[in-house]
Amino acid sequence: MVQPTSEEKVVAGLVHLALLLNLAGLVATLVVYTLYRPKSAFVTRHAKQSLGLQVISLVLGWALPIAFGISAIGLFSLGAPFGFAPRATVGLLGVLLLGSLEIAVLVLAVIAAVRAFQGEEYRHPVFGQWMDSLGK
């Protein structure tokens with residue numbers, strides 16, 4: 001296997017850290033993926049992994065607050081099956097879940113960036129193998 005160049009390592013690491021830029025990071029990662037796809041398999045693989053994490057993070061980052069917000073105002077109750085007081089508890093549960101999700105996503109992005117800067121391959125748990133199979 002061919003060792004990645006210094007430029008490839010830096011670009012691959014930065015696409016993982018682009019997650020910190022939210023939607024702008026997603027666009028930047030798509031641009032990097034498009035530009036590097038014909039010339040660097042290393043950057044392409046890391047960009048695909050980063051895209052997967054960013055899309056999942058953005059979707060959950062929008063969907064969870066909406067679901068918990070609707071539940072908290074009483075249109076339906078996520079807490080009722082568990083015997084919670086629906087409004088206050090569901091709101092708190094939503095904040096804790098979303099905060100935990102954001103911390104987990106940040107940890108995964110930093111791990112992936114460090115591996116990329118070191119010139120190593122990285123595949124995210126759960127969806128990484130699926131992301132590798134896309135775009136072949």
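Bear in mind the structure is a predicted one, so any value in this text is a computation, not a measurement. We use all heavy atoms of the structure for the numbers below, so side chains are in, but hydrogens, waters and symmetry mates are not. In this chain, numbering begins with 1 at the start of the sequence shown.
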Peer 1: Measure across F42 and A12 and return the closest heavy-atom pair with its distance rounded to 0.1 Å.
Peer 2: CE2-CB, 3.6 Å
Peer 1: Just grab all the side chain to side chain donor-acceptor pair (under 3.5 Å) pairs involving residues 49-64, residues at least two apart or on different chains.
Peer 2: T29-Q54, Q49-D132, S50-Q54
Peer 1: Out of curiosity, L19 CG to L14 CG, how far, rounded to the nearest 0.5 Å?
Peer 2: 13.0 Å
Peer 1: Give me the other members of the hydrophobic cluster that V110 sits in, counting Ile, Leu, Val, Met, Phe, Trp and Tyr linked by side-chain heavy atoms under 4.5 Å, directly or via other members.
Peer 2: L20, L106, V114
Peer 1: Are V105 and L98 grouped together when hydrophobic residues (ILVMFWY) are joined by side-chain heavy atoms under 4.5 angstrom apart?
Peer 2: yes
Peer 1: Check each of E8, E120, H16 against H46 using the side chain to side chain donor-acceptor pair (under 3.5 Å) test, and report the only one that passes.
Peer 2: H16
Peer 1: Looking at every non-hydrogen atom in both residues, tell me the closest pair between P125 and Y122 and how far apart they are.
Peer 2: CD-OH, 3.8 Å
Peer 1: Tell me the closest heavy-atom pair linking H124 and L108, and the distance in Å.
Peer 2: CE1-O, 3.6 Å
Peer 1: Return the CZ to CH2 distance between R123 and W130, rounded to the nearest 0.5 Å.
Peer 2: 14.0 Å
Peer 1: Mind listing the closest non-hydrogen atom pair of T44 and Y36 along with its distance?
Peer 2: OG1-O, 3.4 Å
Peer 1: Which heavy atom in A113 sits nearest to a heavy atom in G13, and how many Å separate them?
Peer 2: CB-O, 3.6 Å
Peer 1: Are L64 and F127 grouped together when hydrophobic residues (ILVMFWY) are joined by side-chain heavy atoms under 4.5 angstrom apart?
Peer 2: yes
Peer 1: Run through L35, L51, V15 and flag the one making a side chain to side chain contact (heavy atoms under 4.5 Å, CB included) with L30.
Peer 2: L51
Peer 1: Transitively linked via ILVMFWY side-chain contacts under 4.5 Å: V10 with V2?
Peer 2: no
Peer 1: How long is the span from the CD1 atom in I56 to the CE atom in M131, to the nearest 0.5 Å?
Peer 2: 7.5 Å
Peer 1: Distance check, rounded to the nearest 0.5 Å: S40 atom OG versus K9 atom NZ?
Peer 2: 12.0 Å
